[in-house]
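Data first, discussion second: the structure below is written as structure tokens.
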Amino acid sequence: MGRGGTSRSAGALRTPLLAALAAALAVTGCAADGPRAARAPSPSMADAPSPEATSDVDLCVSIVRHWSREVLDGRGYGDYQSMGMSGGQYDILREVVDAARAARRRGTRDVDMVMERQAREGCAAWYRSGGPGEGPWR
């Protein structure tokens with residue numbers, strides 16, 4: 001036994017114990033309420049759908065329209081997976097780009113409107129017939 005009535009093994013345990021206590025206090029301090037603290041949703045809001053939920057068709061139209069513009073302008077890259085698309089969406093994209101190129105050749109002023117219409121029609125038909133994971137897409 002050393003001075004003060006403590007053994008060396010008790011002193012050896014004190015340092016890791018203090019370090020663990022300091023770490024626990026630091027973690028607890030991070031979870032304290034503050035301006036940036038994450039808050040759980042209130043029970044009434046937890047089950048409510050988002051008022052701004054986007055439909056599957058609208059999401060499909062958005063991604064197809066974006067990549068159609070990129071491809072039409074020569075900035076498209078990679079395959080459909082690198083674009084974040086499904087195979088069905090990529091099929092729609094190819095049809096949209098073909099229609100937009102044809103519209104350009106004819107001198108159509110608003111090619112974007114052609115792309116929007118083609119994308120919306122293609123995506124609506126795709127989801128009407130089941131979309132990914134349903135119907136013929138299984």
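Computed from heavy atoms alone, side chains included, the values below leave out hydrogens, waters and symmetry copies. None of these values were measured; they are calculated from a predicted model.
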Heavy-atom closest contact (Met85 atom, Tyr90 atom, distance)
CE-N, 4.0 Å
Using a 3.5 Å cut-off and no angle test, enumerate the donor-acceptor pairs between side-chain atoms of residues 97-104 and protein atoms at least two apart in sequence or in another chain.
residue: Arg104; atom: NH2; partner: Asp73; partner atom: OD1; Å: 3.2

Rounded to the nearest 0.5 angstrom, the CE-CD distance for Met83 and Glu70 is 9.0 Å
Distance (rounded to the nearest 0.5 Å) between Gln118 CD and Leu93 CG
12.0 Å
Taking atom CZ as the centre, does Arg109 end up with more than 12 heavy-atom neighbours from other residues, nucleotides or ligands that are less than 6.0 angstrom away?
no
Is it true that Val64 and Tyr127 fall in one hydrophobic cluster, defined by side-chain heavy atoms closer than 4.5 Å?
yes
Closest approach of Val111 to Thr108 (non-hydrogen atoms, all atoms of both residues)
CG2-O, 3.7 Å
Could you tell me which residues satisfy side chain to side chain contact (heavy atoms under 4.5 Å, CB included) with Arg65, sequence neighbours excluded, listed by chain and number?
Val61, Ser62, Glu116
Going by side chain to side chain contact (heavy atoms under 4.5 Å, CB included), name the residues that satisfy it together with Glu95, two or more places apart in sequence or in a different chain.
none
Any donor and acceptor pair, going by atom type alone, linking the side chain of Asp91 with main-chain N or O of Arg94 inside 3.5 Å?
no
Between the side chain of Trp126 and the main-chain N/O of Gly88, is any donor-acceptor distance below 3.5 Å?
no
Which heavy atom of Ile92 sits nearest a heavy atom of Cys60, and at what distance?
CD1-SG, 4.2 Å
Starting at CG of Asp110, measure out to CE of Met115 and round the result to the nearest 0.5 Å.
9.5 Å
